[in-house]
Amino acid sequence: MDLLLQACAQLGLSLPPEALARFAQYTAVLLEWNQQVNLTAITRPEDILLKHYVDSLTGLLPFPPPPAAGADLTVVDVGAGAGFPGVPMKLARPSIRLTLVDSVGKKTAFLRHLVDVLGLEGVAVVTGRAEELAHQPQYREGFDVAVSRAVAPLPTLLELLLPLVRVGGCAIAWKRSAIAEELWAAERALGLLGGRLRQKRALRLPGEEADRLLLVFDKVRPSPPAYPRRPGVPAKRPL
Ligand code: SAH
């Protein structure tokens, strides 16, 4: 756990006191369930700390400070899998209201169990495809922030994320550093979906040789109702 605190300090992130015990519980539940359900290929506790928790927590860096009064941001994690990046972000900043989405029932069963074991409040778990949820009135342009890690190449990912974000909000994507081409390919999708690249932030995790990139896209105009297209189409025929 010292490793977690050190890495957070290096990145300029702070953790509330109760978070450390929660991260330890998270690791225990994750490894237990991972024997039955394929949740992660990373199983050494130190690796889970850095490659899952710290990597997820970097998503908080572009967030504005929590408001002194009133509600904090609403965040949707698309393709949350075993809870990354959404759950570590919630542990570090408990005031966010988080919706975890995954299309696979076994993953959302794990997420529901996890939310229960960690005693998290203000977290919803939804089984479904982002392409469908984004057309439901309660979710469409309903979030301040959409986050997603390791789900799809950018043009596809933007079609899944931006329709969920309100105008004035943003989408955050986790990427390897060598993505110049992917970013270039995403220009058209950004224009069509009402997004604009705000920030490309290179981050080096302790012990790693290469940078990771955090991409922040502002939602500047509403997404046309035609997007996202039917399930599978954003991946098969990227914009
Ligand atoms: N974000 C996690 C999991 C990545 S694996 C992490 O970084 O570890 C990708 C996950 O996205 C899988 O669990 C898969 O079921 C989910 N997924 C892929 N496409 C999706 C879609 N269109 N809608 C919802 N979930 C999706």
Side-chain angles (χ1 to χ4, degrees), residues 23 26-27 29-31 33-34 36-45 47-60 75-92 98-115 123-136 138-140 142-143 145-165 171-177 179 182 189 193 203 205 208 212-215 223 227-239:
F23 277 113
Y26 193 167
T27 304
V29 183
L30 178 62
L31 291 177
W33 274 58
N34 204 40
Q36 318 294 335
V37 183
N38 184 15
L39 293 168
T40 177
I42 294 172
T43 53
R44 281 178 52 209
D47 292 339
I48 293 178
L49 275 181
L50 288 175
K51 295 180 195 301
H52 284 325
Y53 302 160
V54 177
D55 188 43
S56 295
L57 291 172
T58 59
L60 290 170
V75 179
V76 61
D77 181 351
V78 171
F84 309 119
V87 174
M89 293 169 80
K90 173 75 182 172
L91 292 178
L98 176 65
T99 300
L100 299 165
V101 176
D102 206 286
S103 54
V104 174
K106 281 185 188 168
K107 307 257 170 108
T108 50
F110 168 76
L111 291 170
R112 289 199 178 94
H113 178 69
L114 179 70
V115 165
V123 180
V125 178
V126 182
T127 310
R129 295 197 60 128
E131 292 94 323
E132 288 171 336
L133 295 180
H135 288 288
Q136 295 177 20
Q138 78 260 41
Y139 300 119
R140 186 158 190 93
F143 297 91
V145 184
V147 295
S148 188
R149 191 186 77 160
V151 170
L154 272 180
T156 303
L157 190 65
L158 289 167
E159 186 169 352
L160 301 181
L161 296 184
L162 284 171
L164 290 164
V165 178
I172 305 179
W174 276 243
K175 289 285 164 187
R176 298 276 160 196
S177 56
I179 55 127
E182 203 179 308
L193 296 160
L203 293 159
L205 296 188
E208 290 199 345
R212 294 173 179 232
L213 263 194
L214 205 58
L215 300 174
S223 305
Y227 303 113
R229 292 164 292 165
R230 281 177 294 107
V233 179
K236 215 174 297 159
R237 287 193 283 116
L239 290 173

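Counting starts at 1 for both ligands and their atoms, in listed order.
- Looking only at protein heavy atoms, the nearest one to atom 20 (C) of ligand 1 is S103 OG, 4.1 Å.
- Other residues, nucleotides and ligands contribute at most 12 non-hydrogen atoms within 6.0 Å of the CZ atom of R176.
- Side-chain contact between P234 and E131 is present, with heavy atoms from C-beta onward closer than 4.5 Å.
- The N/O atoms of A130, backbone and side chain alike, include one that comes under 3.5 Å of an N/O atom in ligand 1.
- Pairing each heavy atom of P163 with each of L158, the nearest pair is CD-O, 3.7 Å.
- The side-chain heavy atoms of P228 and E132, taken from C-beta on, include no pair separated by under 4.5 Å.
- Heavy-atom proximity to atom 9 (C) of ligand 1, evaluated over A41, A150, G81, A134, is greatest for A150.
- Among protein heavy atoms, atom 3 (C) of ligand 1 sits closest to G79 O, 3.4 Å.
- In this structure, the side chains of L239 and Y227 come closer than 4.5 Å at one or more pairs of heavy atoms.
- A donor-acceptor distance shorter than 3.5 angstrom exists from the side chain of N34 to the backbone of L39, with no hydrogens or angles considered.
- D102 OD2, 3.5 Å is the protein heavy atom nearest to atom 12 (C) of ligand 1.
- For V78, the closest heavy-atom approach to ligand 1 does not fall below 4.0 Å.
- For the pair R140 (side chain) and A134 (backbone), a donor-acceptor distance under 3.5 Å is present.
- Considering backbone and side-chain atoms together, P85 places no N or O closer than 3.5 Å to any N or O of ligand 1.
- The aromatic rings of Y53 and F23 sit tilted, their planes meeting at an angle between 30° and 60°.
- Given atom 22 (N) of ligand 1, the protein heavy atom at minimum distance is E131 OE1, 2.9 Å.
- Each of the atoms 22 (N), 23 (N), 24 (C) of ligand 1 lies under 4.0 Å from some heavy atom of R129.
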- Query: Could you go step by step and tell me if I48 and L31 meet the side chain to side chain contact (heavy atoms under 4.5 Å, CB included) rule?
  - Reply: CA-CA 10 Å; I48 293 178; L31 291 177; 3.8 Å; yes
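- Using a 4.0 Å cut-off to heavy atoms of V104, the atoms of ligand 1 that qualify are 15 (O).
- Between the side chain of R212 and the main chain of W174, no donor-acceptor pair closer than 3.5 Å is present.
- Regarding atom 2 (C) of ligand 1, its nearest protein heavy-atom neighbour is F84 O, 3.2 Å.
- At a heavy-atom distance under 4.0 Å, atoms from both the backbone and the side chain of R149 approach ligand 1.
- At least one donor-acceptor pair closer than 3.5 Å links the side chain of S148 to the backbone N or O of V78.
- Residue H52 has no N or O atom closer than 3.5 Å to an N or O atom of ligand 1.
- Residue contact annotation: G128 has a non-hydrogen atom under 4.0 Å from ligand 1.
- Here the protein heavy atom with the shortest distance to atom 19 (N) of ligand 1 is V151 CG1, 4.0 Å.
- Contacts with ligand 1 closer than 4.0 Å are made by backbone heavy atoms (N, CA, C, O) of A80 only, the side chain lying farther away.
- Every atom of ligand 1 is numbered from 1 in the order shown, and the set under 4.0 Å from a heavy atom of K107 is 12 (C), 13 (O).
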